[in-house]
Amino acid sequence: MVLFLCRMAVIDAVLDRLLDGLLGLGRLLSPLCSLFVLLQLSALVVLLLLSLRVVCLLWSHAQFTRRLRCFSKPPTQNWLMGHLGEMRSTEEGLQAVDQLVRTYSHSCSWFLGPFYSLVRLFHPDYIKPLLLAPASITVKDELFYGFLRPWLGQSLLLSNGEDWSRRRRLLTPAFHFDILKNYVKIFNHSSDIMHSKWRRLVAEGESRQDMFNHISLMTLDSLLRCTFSYNSNCQESSSEYIAAIFELSTLVIERRGRILHHWDCLYWRSPEGQRFKQACSVVHGFTRTVVQERRAQLLHRGEPESHTDTTGGEEKKKKRVADFIDLLLLSKDEDGHGLTDEEIKAEADTFMFGGHDTTASGISWVLYNLSQHQDYQDRCRAEVNDLLQDRKTDDLDWEDLSSLPFTTMCIKESLRLHSPVSAVTRRYTKDMTVPGGRVIPQGSICLVSIYGTHHNPEIWPDPDVYNPMRFDPENSKDRSSHAFIPFSSGPRNCIGQKFAMAELRVVVALTLRRFRLTPGGVEVRRLPQLVLRAEGGLWLTLETLDAPQD
């Protein structure tokens, strides 16, 4: 892949020189003759360029095919097109992954036509050396992540090398547990708003609801408060900013599935590309304004508190608590340099993108799995009620989250069975060796299948069965460290995983205390997009619980 890109750059440079030569020649000829000759030579140059590109593409494809022979290759329709069109974002697509895992056990090669060469991996022993590889040799590939760049910029999610390392160092303090403690209050508040709406709907006879719809708005609400200290009221009323985020997520999914839209020159001229630009403009305008206003506030009012101070037994309230934007504005590297407004905007947009949909998916599927298993649901509810008994309010504190062991086990088993993110991809700047002496050549895409690993029967007996006892400490002690990777692993793991787990536990615990959930009466078909959703929504029936149940 690297050689291929280098050759493409050389071809483009040659084209530039040829075009310069043609323009010079045109100036020497008579106007009429010049136009005719120029058209002929231009057509010749275009054909030459296309021929060179095709030759380089086929040569690269042949090289990768040869070097990846050490991996089993599932049957293809023909040598050239490979497995193009066989990766489907549907229930049947996930079932096809199940079949791959049962057939090949740990890995296989995969070719998306002559364009992309992949190695798909679904065994802890194979993915561990890849995810633990130093960040200095790990690169986010453009096939799966490049479509996000116009939206998220050169953020932590998409950057590489030293730029990534610097950003990671600057962002890590924003996810310290002292900061997360303050966010728990926001999780409580956003859950209260959602549950009040649910009570109203149940009272009106609308007890059957789509979990994704409600919970996505709830997680967006809490993220806007955590990130910008902004009360959007998005759970009750529409918002241009919220609509733009949903639009961008949808358009990224659509673009990924249309091979012609992979080329920028075509996509940005399409109606979808124009919609993407408009939605980006809305999101970027909102974030840019908040960052600029907050920087001005910090200059005039000083720094807010970075965590709750309880000195003397009473909580101080002289300053507002720092939110995510404040923490980014105040962060400094070892040389005393901070992030620019553009860098902060990119990280805030990424936090909003990565923090709402994945968490909403996780919460929704936990509630779905517990609706299917009333015994587990009752046990979780009893655990929450025991914790909150004799309290004046239902609000959970940071310290309470470690007192929900069985609820946490149920959450983890749901993250295994219905992982919000089905795969992550990586490229490496050198050859990578995996068990069996197999070598993944530099430049090929490594698709680490989180779904495949979590459903691998060699690691998880009866992988399609929801069984929270898998995560009992006694049952987990001999399991591979990379058998369960809902947040990826290694230096490029999800920086917000503690944030996500805290929100999951708060929302699930309060929901079970206040409602009984039963199946919605429709077949559930999984829909793997940017996150795991359900076709037509994930419908559950709500029953209000007015008092704690024994």
Verdict with supporting geometry, Ser216 and His356, side-chain hydrogen bond (donor to acceptor under 3.5 Å, both in side chains) | CA-CA 6 Å; Ser216 292; His356 92 273; 5.5 Å; no
Sequence neighbours excluded, the answer for side chain to side chain contact (heavy atoms under 4.5 Å, CB included) partners of Arg169 is Glu162, Ser165, Arg166, Glu334
Do the two ring centres, one from Phe175 and one from Tyr183, sit under 6.0 Å apart?
-> no
Would you call Leu370 and Tyr466 a side-chain contact if the rule is heavy atoms closer than 4.5 Å?
-> yes
Taking only residues two or more places apart in sequence, or in another chain, which ones meet Thr90 in a side chain to side chain contact (heavy atoms under 4.5 Å, CB included)?
-> Arg88, Glu92
For Leu447, does its backbone N or O pair with a side-chain atom of Arg120 as donor and acceptor, under 3.5 Å?
-> no
Residue pairs fulfilling salt bridge (Lys or Arg N to Asp or Glu O under 4.0 Å) with at least one residue in residues 405-414, sequence neighbours excluded = Glu413-Arg416, Glu413-Arg470
Anything under 30° is parallel, anything over 60° is perpendicular, the rest tilted; go ahead and classify Trp460 against Phe471.
-> tilted
Could you pull out all residues at least two apart from Ser191 that satisfy side chain to side chain donor-acceptor pair (under 3.5 Å)?
-> none
Do NZ/NE/NH1/NH2 and the carboxylate oxygens of Lys185 and Asp395 come within less than 4.0 Å?
-> no
Verdict with reasoning, Thr219 to Glu503, per side-chain hydrogen bond (donor to acceptor under 3.5 Å, both in side chains) | CA-CA 9 Å; Thr219 55; Glu503 186 168 17; 5.6 Å; no
Candidate pair Ser155 and Thr350, rule side-chain hydrogen bond (donor to acceptor under 3.5 Å, both in side chains), full reasoning = CA-CA 7 Å; Ser155 63; Thr350 299; 2.9 Å; yes
Does the distance from a Lys or Arg side-chain N to an Asp or Glu carboxylate O, for Arg505 and Asp400, drop under 4.0 Å?
-> no
Got a sec, which residues hit salt bridge (charged side-chain N to carboxylate O under 4.0 Å, His left out) with Glu535, two or more places apart in sequence or on another chain?
-> Arg525
Considering all heavy atoms of both residues, which atom of Pro463 and which atom of Leu417 are nearest to each other, and what is their separation?
-> O-CD1, 3.4 Å
Give every residue pair that meets the salt bridge (Lys or Arg N to Asp or Glu O under 4.0 Å) criterion with at least one member in residues 206-215, sequence neighbours excluded.
-> none
Arg200 meets the side chain to side chain contact (heavy atoms under 4.5 Å, CB included) criterion, sequence neighbours left out, with Lys197, Glu204, Glu236
Parallel, tilted or perpendicular for Phe499 and Phe187, by the 30°/60° rule?
-> perpendicular
Compile the donor-acceptor pairs under 3.5 Å between side chains in residues 484-495 and protein atoms, sequence neighbours left out, one pair per line.
unit_1: Ser489; atom_1: OG; unit_2: His482; atom_2: NE2; d: 2.8
unit_1: Arg492; atom_1: NH1; unit_2: Ser159; atom_2: O; d: 3.0
unit_1: Arg492; atom_1: NH1; unit_2: Asn160; atom_2: OD1; d: 3.2
unit_1: Arg492; atom_1: NH2; unit_2: Leu156; atom_2: O; d: 3.2
unit_1: Arg492; atom_1: NH2; unit_2: Ser159; atom_2: O; d: 2.8
unit_1: Asn493; atom_1: OD1; unit_2: Arg168; atom_2: NH2; d: 2.7

Only pairs at least two apart or in different chains count here, so list each salt bridge (Lys or Arg N to Asp or Glu O under 4.0 Å) that has a residue in residues 364-378.
-> Asp378-Arg381, Asp378-Arg516
State plainly whether the residues Arg275 and Glu247 are in salt-bridge range, i.e. N to O under 4.0 Å.
-> yes
Taking Ile215 as the fixed residue, which of Leu538, Val507, Leu367 is the one that meets the side chain to side chain contact (heavy atoms under 4.5 Å, CB included) rule?
-> Leu367
For the pair Asp349 and Arg288, find out whether any cationic side-chain nitrogen is under 4.0 Å from an anionic carboxylate oxygen.
-> no
Applying side chain to side chain contact (heavy atoms under 4.5 Å, CB included), name anything that partners Arg379, two or more places apart in sequence or on another chain.
-> Phe406, Met469
Hits for salt bridge (charged side-chain N to carboxylate O under 4.0 Å, His left out) against Lys477, two or more places apart or cross-chain, chain-then-number order -> Glu474
Is it true that atom NZ of Lys140 has more than 12 heavy atoms of other residues, nucleotides or ligands lying nearer than 6.0 Å?
-> yes
Applied to residues 277-297, the ring-ring contact (aromatic ring centres under 6.0 Å, His included) test, sequence neighbours excluded, yields Phe228-Phe286, Tyr230-Phe286, Tyr241-Phe286
Specify the closest pair of heavy atoms between Asn385 and Arg513, including all atoms of both residues, with the distance to one decimal.
-> OD1-NH1, 2.7 Å
Worked check of ring pair (Phe, Tyr, Trp, His ring centres under 6.0 Å) between Tyr267 and His262 = CA-CA 7 Å; Tyr267 184 68; His262 287 205; 9.5 Å; no
